[in-house]
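Every chain is numbered from 1, with letters handed out A, B, ... down the list of sequences.
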Protein chains: 2
Amino acid sequence: MTSSTSAASAASAAPAVTSVDEVLALVRARGGRATPSRRILLEVLFESSDHRSVEDLACEVQARAPEVHLSTIYRNVEELERLGVIAHTHLGHGPATYQLATIAHSHLVCERCGRRIEAPEELFADLARAAAERYGFSIDPRHFAILGRCADCAQEARDVAGGGG
Amino acid sequence: MTSSTSAASAASAAPAVTSVDEVLALVRARGGRATPSRRILLEVLFESSDHRSVEDLACEVQARAPEVHLSTIYRNVEELERLGVIAHTHLGHGPATYQLATIAHSHLVCERCGRRIEAPEELFADLARAAAERYGFSIDPRHFAILGRCADCAQEARDVAGGGG
DNA sequence: TTCGATGCAAATAGTTTGCATTCTA
DNA sequence: TAGAATGCAAACTATTTGCATCGAA
């Protein structure tokens with residue numbers, strides 16, 4: 001095992017699951033059951049490259065199996081997160097979003113226009129090091145969004161505020 | 001041009017209000033009114049050094065004026081935020097928290113035990129610089145929490161996971 | 001006197017829970 | 001068969017909104 005992993009993935013020994021069947025095997029291995037709704041949810045997750053809200057996921061799952069209930073999705077994402085297969089992120093306000101742990105990354109989110117920019121993990125290298133050194137704190141950049149202003153909105157704000165000198 | 005201000009305070013030209021009366025004057029100046037509920041809310045905010053949820057604030061306000069309604073607090077924090085007097089932060093899950101803009105700072109929040117560590121703005125200097133250089137993005141560290149594991153919980157996780165290796 | 005602010009109730013969004021039923025292992 | 005998972009409804013938390021009334025300026 002390459003144990004010099006970044007702060008983001010140090011916490012749990014997440015197996016590198018790469019297919020729906022592997023995850024379902026993992027579910028069974030821990031005493032859980034491979035149900036249709038779980039399989040479909042996983043299919044949707046594996047086909048998504050972006051962060052998805054539970055409602056979002058529910059829509060896609062229900063397109064294939066209309067009887068699957070929202071609460072089932074909630075229970076399943078919770079379970080899949082416990083297994084380390086997916087991770088959630090809080091994007092400022094609004095619902096939590098989920099994505100495969102293997103492709104998890106943080107986002108820069110503009111508080112004004114809502115624009116999202118994918119942030120590679122290395123962007124947090126310095127912060128991770130400083131937090132660890134000073135407070136012993138292991139940051140997990142996948143689980144929070146960096147809020148602020150995107151280039152355009154920051155420029156607009158500057159135009160307004162700086163007009164009079 | 002002193003454009004090398006920190007990312008956190010660049011966006012709005014926030015007047016350095018330091019007392020309840022100054023804020024109320026500011027409220028009046030923009031056409032608003034100095035009401036008892038606003039005064040009390042401001043008193044509570046000026047006496048708080050920590051981040052407070054709206055419900056939290058409501059409890060303290062209502063201790064002095066029981067008739068003040070929760071929705072009034074919501075409307076007032078919104079107004080005070082627009083004025084740049086207070087700022088909000090999203091602490092992972094749970095309600096948004098508010099604090100005076102002058103003492104606003106970010107927090108490291110443990111996702112496991114909920115512990116909060118105050119993070120000085122300089123901790124984000126490198127991240128702010130990198131985000132600005134690469135994406136033109138101005139981060140606002142006051143408005144989001146850095147999630148992860150505190151020293152104790154990270155250690156526990158290591159004990160559990162690393163037992164065999 | 002005017003219109004911004006409030007109290008209250010009800011709506012809304014996001015999420016969780018209790019329980020009888022269904023279905024995997 | 002056992003008990004994990006589901007569907008459904010209802011509770012719950014956080015927040016917003018409509019509206020008649022109140023009160024600051």
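- Contacts of B:Ser71 with the nucleic acid, taken as non-hydrogen atoms under 4.0 Å apart, include base atoms.
- Between D:dG7 and A:Thr72, a contact under 4.0 Å exists linking OP1 or OP2 to a side-chain N or O.
- Aromatic pair A:His93/B:His88: ring centres not closer than 6.0 Å.
- The distance from atom NE2 of A:His93 to atom P of C:dT12 is 16 Å, rounded to the nearest whole Å.
- Taking every side-chain heavy atom of A:Arg38 into account, D:dT6 is the closest of D:dT6, D:dG7, C:dA5.
- Across all strands shown, A:Ser37 has heavy atoms under 4.0 Å from sugar-phosphate atoms exclusively, and none from any base.
- Nearest-nucleotide positions on DNA chain C place B:Gly31 closer to the 5' end than the other of B:Pro66 and B:Gly31.
- Here the two rings, on B:His90 and A:His90, have centers that are 6.0 Å apart or farther.
- Nucleotides of DNA chain D nearest to A:Arg33 and B:Pro95 differ in position, and the one nearer the 5' end is that of A:Arg33.
- B:Leu91 places its CG atom 16 Å from the C1' atom of D:dT13, with the value rounded to the nearest Å.
- Contact detail for B:Ile139 and B:Phe124: the closest heavy-atom pair is CD1-CB, 4.0 Å.
- Listed pair A:Arg28 / C:dA25 meets the phosphate criterion, a side-chain N or O lying under 4.0 Å from OP1 or OP2.
- By the neighbour-count criterion of 12 heavy atoms within 6.0 Å, atom CD of A:Glu55 is sparsely surrounded, having that number or fewer from other residues, nucleotides or ligands.
- Between the side chains of A:Glu111 and B:His143, at least one donor-acceptor pair of N or O atoms lies under 3.5 Å.
- Atom P of nucleotide C:dT16 and atom CD of A:Glu81 are separated by 11 Å, given to the nearest angstrom.
- As a whole-Å value, the separation of A:Ile73 CD1 from D:dT6 P is 9 Å.
- Between the CD atom of A:Glu78 and the C1' atom of C:dG14 there is a distance of 14 Å, rounded to whole Å.
- In this structure, CG of B:Leu70 is placed 12 Å from C1' of C:dC8, rounded to the nearest angstrom.
- Residue B:Val68 is classed as a sugar-phosphate contact, given heavy-atom separations below 4.0 Å to backbone atoms only.
- Within the 4.0 angstrom heavy-atom criterion, no nucleotide atom of any strand lies near A:Gly94.
- In terms of polar N and O atoms assigned as donor or acceptor, the side chain of B:Arg75 comes within less than 3.5 Å of the base of C:dG7 in a complementary pairing.
- Taking atom CG of B:Asp56 as the reference point, atom C1' of D:dT13 lies 15 Å away to the nearest angstrom.
- B:Thr35 has a side-chain polar atom (N or O) that falls below the 4.0 Å cut-off from OP1 or OP2 of C:dT6.
- Atoms NE2 (A:His90) and C1' (D:dA14) sit 14 Å apart, rounded to a whole Å.
- Within the structure, a side-chain polar atom (N or O) of B:Tyr74 is placed less than 4.0 Å from OP1 or OP2 of D:dT15.
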